[in-house]
Amino acid sequence: MANKVYPDAKSALEGFTFDGMTVMSGGFGLCGIPENLIIALRDTGVKAITVISNNAGVDGWGLGLLLETKQIKKMVSSYVGENKEFARQYLSGELELEFNPQGTLAERCRAGGAGIAGFYTKTGVGTLVAEGKETKTFNGETFVLETGLVADLSIVKAWKGDKEGNLIFRKTARNFNPMMATAGKKCVAEVEILVETGDLNPDAIHTPGIYVDRIVQGAFEKRIEQRTITKRENA
Amino acid sequence: MPWSRDQLAQRAAKELRDGFYVNLGIGIPTLVANYIPEGMEVTLQSENGMLGMGPFPYDEDVDADLINAGKQTITALKKTSYFSSADSFAMIRGGHIDLSILGAMEVNDRGDLANWMVPGKMVKGMGGAMDLVAGVKRVVVVMEHTSKDGASKLLKKCTLPLTGVNVVDLVITDLGVFEIDKHGSQPMKLIELADGVSLEEITGKTEASFVNALR
């Protein structure tokens, strides 16, 4: 029987990486990012990667690590405001950047994974985002054609997974991970808790194992970008 | 006296209705959550994948897996649900969210909005703003009436790259409130003045044309 379980992030990427590849990386900000697989991807030394990810990490963490080592050639993102090294490389022309509206990016990943070549959306009509793209009128309203996205590899992070690759996400750490899992030719998932097949409630599975080629259990730092709290009134 | 940031948020809160699903942008719009009227049920959506957003957590309850679209740690409520980014924007684009309140750099009298990019400056990206203004039923902008150098931000034609065309329904500035007939041909209407602001002052500081419809 095929084994999907790998002992660590490094071995889980073996044979799946090459120069010039396209990688989808799940997460929103630093929430729900595949932190171990990003480090392992850095350590492969693979170059000229196109990374599809909503954000670009921060300096020194998440995808910021791959920027430091200049392994990223191009980013496809919706918001990259938290990263100085990103700004530096972009302004100096070392890094290409394609902005997608966040919902368009999410839907492009969903469509790519579902075998949908393109879809029409209202988002971005009449803006820079729609320039050079086909538009079409439906019921008197203008829509712009956006294409589905696929990647050579997607790396995602879930809370729980089983040995079949079935995944359950936790709270807002789900974000882009489920769609990206479907849109990679290969998908590697890292989880906090790896259980025996049969231990997850089948009704509660967010990503069925068919999308996941390899799974690895990791330890997580789970860094927080903006720690905002409510102060307790002293009794 | 022009309205303060908190007064702007208070005025924007008057646009809330019982049972509304609402998305609040970053900055002054976030403050609107502090002024939801007593007894009114409003459900806040966070576009990173959550419906039913609660307040900031106590220190010991901070959870890295629970953040809002501004990447701030938050809490859940009894009614909370979580979903993927694709589901979140299906909700937004599909017209299921009642109200979006967001900031702006420029708005014109036809409801065009610019709030994501200044050419020549490092651009951070549009995030979910283009999807929100294209899909949410009603779009309310909260902004300063003029830029730091005194130029009107309510224009005949936006000069900055657009976030959306014919998308804004209402503009609340520190000087007053304007209603926009975004899909029709009615002129923009001035419907309220901030306390102590005169018609002359607001007219002098507004490049866009509007009609006086003060109530």
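Every chain is numbered from 1 and lettered A, B, ... according to where its sequence line falls, protein lines coming before strand lines.
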Under a 4.5 Å heavy-atom cut-off, does chain A meet the side chain of [X], its backbone, both or neither?
X	result
B:Thr75	neither
B:Leu66	both
B:Val123	both
B:Ala69	both
B:Asp112	neither

Self-check item: Side chains of B:Asp131 and A:Thr123, donor plus acceptor under 3.5 Å
Solution: yes
Do other residues, nucleotides or ligands put more than 12 heavy atoms under 6.0 Å from the [atom1] atom of [X]?
X	atom1	answer
B:Lys137	NZ	yes
B:Tyr21	OH	no
B:Asp149	CG	yes
A:Phe143	CZ	yes
A:Lys136	NZ	no
A:Leu145	CG	yes
A:Lys84	NZ	no

Quick check against the 3.5 Å criterion: does [X] have a side-chain atom that pairs as donor or acceptor with the backbone of [Y]?
X	Y	value
A:Thr228	B:Phe56	no
B:Arg93	A:Thr121	no
A:Thr172	B:Ile67	yes

Heavy atoms, side chains only, cut-off 4.5 Å: are [X] and [Y] in contact?
X	Y	result
A:Thr127	B:Thr163	no
B:Asp87	A:Met179	no
B:Lys71	A:Arg227	no
A:Phe99	B:Met126	yes
A:Val125	B:Val165	no
B:Met122	A:Tyr90	yes

Practice problem: Give a yes or no on whether a salt bridge exists between B:Asp63 and A:Arg170, defined as a side-chain N under 4.0 angstrom from a carboxylate O. | Solution: yes
Of all of [options], which one pairs up most often with chain B through heavy atoms under 4.5 Å apart?
options	value
A:Leu30, A:Leu97, A:Thr104, A:Leu105	A:Thr104
A:Asn175, A:Val80, A:Thr230	A:Thr230
A:Asn177, A:Thr142, A:Asn100, A:Asn83	A:Asn100

I need the [X] [atom1] to [Y] [atom2] distance, nearest 0.5 Å.
X	Y	atom1	atom2	result
A:Lys171	B:Ile74	NZ	CD1	10.0 Å
A:Met180	B:Ser85	CE	OG	8.0 Å
A:Glu141	B:His183	CD	NE2	6.5 Å

Self-check item: Those residues of residues 36-49 of chain B, ordered by number, that approach chain A below 4.5 Å (heavy atom to heavy atom)
Solution: B:Glu47, B:Asn48, B:Gly49
Quiz item: A:Lys122 and B:Met130: side-chain contact (heavy atoms from CB on, under 4.5 Å), yes or no, with the steps?
Solution: CA-CA 9 Å; A:Lys122 283 187 283 190; B:Met130 286 191 181; over 6 Å; no
Quiz item: Which heavy-atom pair separates A:Lys222 from B:Ala64 by the least distance, and what is that distance?
Solution: O-CB, 3.6 Å
Quiz item: Which is it for B:Phe89 and A:Glu107 under the side-chain contact (heavy atoms from CB on, under 4.5 Å) test, yes or no, and what are the steps along the way?
Solution: CA-CA 8 Å; B:Phe89 283 94; A:Glu107 191 63 14; over 6 Å; no
Exercise. Check the pair B:Tyr82 / A:Phe169 against side-chain contact (heavy atoms from CB on, under 4.5 Å), numbers first and verdict last.
Key: CA-CA 10 Å; B:Tyr82 301 111; A:Phe169 303 94; over 6 Å; no
Practice problem: Starting from the C-alpha separation in whole Å, work towards a yes-or-no answer on side-chain contact (heavy atoms from CB on, under 4.5 Å) for A:Gln226 and B:Thr73. | Solution: CA-CA 6 Å; A:Gln226 311 267 351; B:Thr73 49; over 6 Å; no
